[in-house]
Amino acid sequence: MAKVVVVTSGKGGVGKTTSTAALGAALAQAGRMVVVIDFDVGLRNLDLVMGAERRVVYDLINVIQGDARLSQALIRDKRVETLHLLPASQTRDKDALTQEGVGKVIAELREKFDYIICDSPAGIERGATHAMYHADTAVVVTNPEVSSVRDSDRIIGLLDSKTAKAEKGERIDKHLLLTRYHPGRAARGEMLKVEDVLEILSIPLLGIIPESEEVLRASNIGTPVTLSSPDSAPGRAYFDAAKRLQGETLAMMVPEEKRGLMSKLFGRRVA
Amino acid sequence: MNLFGFLRPRPTAPVARERLQILLAHERSIAGGSDLMATLKEEILGVIARHFPLEREKVQVKLDRGDAYSTLEIDIEVPSLAKTQASGGPAKLAAGG
């Protein structure tokens with residue numbers, strides 16, 4: 001059974017696109033058929049983070065408006081063959097997205113894929129509500145920082161009222177993905193702790209992604225962090241989160257960077 | 001206690017946590033309660049409109065949220081008494097909620 005997952009947050013810059021790419025890749029690396037969809041019309045970036053920016057021909061809006069078939073717009077990843085990208089349009093405006101159009105595309109994707117991961121734009125307007133409307137499950141990406149937590153609370157309220165499931169009186173599954181977490185700073189009382197954020201938002205925890213230079217490195221080279229450095233702390237954290245998303249129960253922990261002899265000798269080299 | 005504790009800045013995370021808890025308790029009550037207040041307002045106005053003609057612009061609704069209770073204040077200017085059977089000057093209705 002296909003599962004539609006929305007990656008959302010309200011606030012911008014907390015790691016939605018990074019997390020969409022990493023979770024999507026991790027699920028595909030585990031053999032699932034995955035498509036990641038960029039809903040940020042006009043400001044697409046998932047293609048860039050996935051390293052497919054030069055392969056975009058058609059996009060979601062072309063498919064909705066009947067200018068291209070879905071199979072023409074889907075870009076198959078060169079590294080993981082079960083991973084696919086449906087890019088957003090860079091030139092059209094947000095109004096080109098329609099609820100019925102998006103619904104049709106999602107219905108068609110449900111037939112072919114195990115996971116349909118929708119990368120939501122920031123904010124609570126049209127694009128964000130389109131991205132969440134058809135979702136079965138939501139991943140709420142939150143930083144341990146006041147403005148991000150507040151916006152996540154707002155988004156959780158929308159997930160419970162403005163989705164197809166909510167309109168039918170059903171409940172959408174919501175999971176918290178805490179990103180850019182720094183265990184040391186939290187222990188010193190400089191940053192909200194995992195428990196603080198969980199208590200405030202009261203939704204189950206999908207994973208804790210530690211702050212790491214590997215994340216920027218991955219986006220620099222256009223490769224999801226689970227592919228570029230699967231053994232890094234964020235890489236392992238995303239693999240664990242992907243397993244939980246599939247229903248596995250794993251002990252919750254914050255992976256730490258382990259440094260092998262080779263990386264100790266050469267890892268710090270700059271330029 | 002760390003002897004050099006005074007050198008370290010005070011932890012700010014507890015402040016963040018407390019501010020969020022207070023703010024979100026407030027924001028959630030607005031998100032969940034505004035409909036109730038709007039319904040209440042419409043129904044009260046409906047009842048009054050059954051007894052004498054109401055001019056919408058002569059009605060003022062004020063909602064005041066406090067920590068312990070909120071007040072919904074509805075000021076209705078009743079049209080000239082000669083035109084209606086109602087007695088009394090401008091009526092004032094206040095509902096606590």
What are the sub-3.5 Å donor-acceptor pairs between chain B and chain A, distances to 0.1 Å?
from    : atom 1 : to       : atom 2 : distance (Å)
B:Thr12 : N      : A:Gly189 : O      : 3.0
B:Ala13 : N      : A:Gly189 : O      : 2.9
B:Arg17 : NH1    : A:Asp196 : OD1    : 2.7
B:Arg17 : NH1    : A:Glu199 : OE1    : 3.1
B:Arg17 : NH2    : A:Glu199 : OE1    : 3.2
B:Gln21 : NE2    : A:Glu199 : OE2    : 3.3
B:Glu27 : OE1    : A:Arg150 : NE     : 3.4
B:Glu27 : OE2    : A:Arg150 : NE     : 2.9
B:Glu27 : OE2    : A:Arg150 : NH2    : 2.5
B:Arg28 : NE     : A:Asp153 : OD1    : 2.9
B:Arg28 : NE     : A:Asp153 : OD2    : 3.3
B:Arg28 : NH2    : A:Asp153 : OD1    : 2.4
B:Arg28 : NH2    : A:Ile200 : O      : 2.7

Shortest non-hydrogen contact from B:Pro14 to A:Gly189?
CD-O, 4.1 Å

Can you see which heavy atom on A:Ile155 is nearest to which on A:Gly10, and at what distance?
CG1-N, 3.3 Å

Step by step, work out the side-chain contact (heavy atoms from CB on, under 4.5 Å) result for A:Val140 and A:Leu177.
CA-CA 6 Å; A:Val140 180; A:Leu177 187 65; over 6 Å; no

Do A:Val139 and A:Val6 come close enough that some side-chain heavy atom pair is under 4.5 Å?
no

Quick one, A:Phe39 and A:Leu46 - any side-chain contact, counting heavy atoms below 4.5 Å?
no

Can you tell me how far apart CG (A:Leu206) and CG (A:Leu176) are? Round to the nearest 0.5 Å.
8.5 Å

